[in-house]
Amino acid sequence: MRVVLQRVSEAKVTVDQEVVGQINRGFMLLVGITHEDTQKDADYLADKIAGLRVFEDEAGKMNESIMDVGGAILSVSQFTLYGDTRKGKRPNFMAAARPDVAEPLYEYFNEQLRSKGLTVETGKFGSMMDVALNNDGPVTLILESKV
């Protein structure tokens with residue numbers, strides 16, 4: 001699994017001009033799933049994200065987690081994170097898991113985040129989505145379950 005995490009002051013996702021997910025302070029996650037990913041990968045990333053210390057403490061140091069600051073998560077499925085652009089001008093998406101495999105694992109991942117007490121909003125899997133956010137910092141990290 002691959003996640004692009006952005007610390008945000010606010011974020012929302014719109015489908016067909018309807019807001020389907022919206023948060024204030026927290027993380028905007030773009031979540032990509034490949035063929036070999038399992039629930040173990042989702043567990044690893046959910047634990048990592050919940051404990052990641054990228055919010056400032058009283059001294060201005062990135063020392064607090066999303067759980068410490070009471071932040072929320074906006075999680076958006078993003079198969080294009082597995083786009084291969086090494087050859088030609090058109091990305092190859094063969095490394096992205098098929099929807100029948102990716103969607104249940106994406107839902108499991110979101111439930112693992114919720115089980116930690118986090119508020120998790122989502123986009124709409126497989127839909128054309130408009131995503132808007134204010135990146136706070138900016139802080140942007142790429143997390144992978146396989147190193």
Side-chain angles (χ1 to χ4, degrees), residues 1-86 91 93 95-99 101-147:
M1 286 180 72
R2 185 175 291 159
V3 174
V4 175
L5 175 151
Q6 295 182 343
R7 188 180 73 184
V8 298
S9 57
E10 62 184 354
K12 70 178 178 178
V13 62
T14 305
V15 176
D16 295 327
Q17 301 179 353
E18 176 186 342
V19 175
V20 297
Q22 185 170 6
I23 63 166
N24 289 316
R25 185 179 194 197
F27 292 149
M28 168 71 208
L29 305 179
L30 301 176
V31 181
I33 298 171
T34 191
H35 305 290
E36 304 88 33
D37 291 333
T38 66
Q39 289 183 350
K40 186 175 178 180
D41 295 287
D43 293 340
Y44 169 81
L45 285 174
D47 286 341
K48 177 67 76 175
I49 289 165
L52 199 62
R53 298 184 316 167
V54 295
F55 291 91
E56 283 92 14
D57 62 15
E58 293 165 358
K61 298 201 185 273
M62 286 201 288
N63 205 23
E64 294 193 338
S65 72
I66 191 166
M67 296 175 68
D68 294 330
V69 301
I73 290 176
L74 178 57
S75 174
V76 176
S77 62
Q78 186 76 31
F79 77 93
T80 62
L81 290 179
Y82 280 100
D84 184 350
T85 59
R86 291 176 290 180
F93 298 108
R98 295 176 44 87
V101 172
E103 187 172 12
L105 191 53
Y106 168 70
E107 295 298 337
Y108 176 84
F109 169 70
N110 292 327
E111 284 306 314
Q112 293 312 298
L113 291 167
R114 288 183 185 110
S115 75
K116 297 175 186 319
L118 292 164
T119 297
V120 179
E121 296 280 321
T122 65
K124 187 175 177 187
F125 190 93
S127 295
M128 180 63 110
M129 295 177 268
D130 292 322
V131 180
L133 60 104
N134 287 326
N135 191 319
D136 178 28
V139 173
T140 301
L141 300 168
I142 300 171
L143 305 162
E144 297 200 56
S145 59
K146 305 225 182 345
V147 182

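- Here Tyr108 pairs with nothing under the ring-ring contact (aromatic ring centres under 6.0 Å, His included) rule; sequence neighbours left out.
- Taking every heavy atom of both residues into account, Pro99 and Pro104 meet most closely at O-CD, 3.9 Å.
- Inter-residue side-chain proximity for Leu143 and Arg2 is flagged as unmet; no heavy-atom pair is nearer than 4.5 Å.
- Sequence neighbours left out, the pairs with a member in residues 111-127 that pass side chain to side chain donor-acceptor pair (under 3.5 Å) are Asp47-Lys116, Glu111-Arg114.
- Distance check: Gln6 CD to Ile142 CD1 gives 10.0 Å after rounding to the nearest 0.5 Å.
- Rounding to the nearest 0.5 Å gives a distance of 11.0 Å between OG1 of Thr140 and CE of Met28.
- With a 4.5 Å cut-off on side-chain heavy atoms, Leu118 and Ile49 do not count as touching.
- With sequence neighbours excluded, no residue forms a ring-ring contact (aromatic ring centres under 6.0 Å, His included) with Tyr82.
- Between Phe109 and Leu29, the closest side-chain pair of non-hydrogen atoms falls below 4.5 Å.
- The minimum heavy-atom distance linking Leu81 with Gly32 is given by the pair CD1-N, 3.5 Å.
- Of all heavy-atom pairs spanning Arg86 and Asp84, the tightest one is NH2-OD2, 2.6 Å.
- For the atom pair CE of Met67 and CZ of Arg53, the computed distance is 14.0 Å after rounding to the nearest 0.5 Å.
- At distances below 3.5 Å, at least one donor-acceptor pair connects side-chain atoms of Asn135 with backbone N or O atoms of Val139.
- Residue Ile66 holds its CD1 atom at 7.5 Å from CG of Leu5, rounded to the nearest 0.5 Å.
- Nearest heavy-atom pair across Asp37 and Ser145 is OD1-OG, 4.0 Å.
- When all heavy atoms are compared, the tightest approach of Ile23 to Leu74 is CD1-N, 3.6 Å.
- In this structure, Ser75 and Val31 approach most closely via the heavy-atom pair OG-CG2, 3.6 Å.
- By the ring-ring contact (aromatic ring centres under 6.0 Å, His included) test, Phe55 is found to be paired with Phe27, residues two or more places apart in sequence or in another chain being considered.
- When the salt bridge (charged side-chain N to carboxylate O under 4.0 Å, His left out) test is applied to Glu56, the partners found at least two apart in sequence or on another chain are Arg7.
- Taken from CG in Asp41 to OG1 in Thr38, the straight-line distance is 4.0 Å, to the nearest 0.5 Å.
- For residues 8-35, every residue pair satisfying the side chain to side chain donor-acceptor pair (under 3.5 Å) rule, not counting sequence neighbours, is listed here: Glu10-Asn134.
- Using bins of under 30°, 30° to 60° and over 60° for the plane-to-plane angle, the ring pair Phe79/Phe93 lands in the perpendicular bin.
- In this structure, the separation between CE on Met1 and OH on Tyr44 is 12.0 Å, given to the nearest 0.5 Å.
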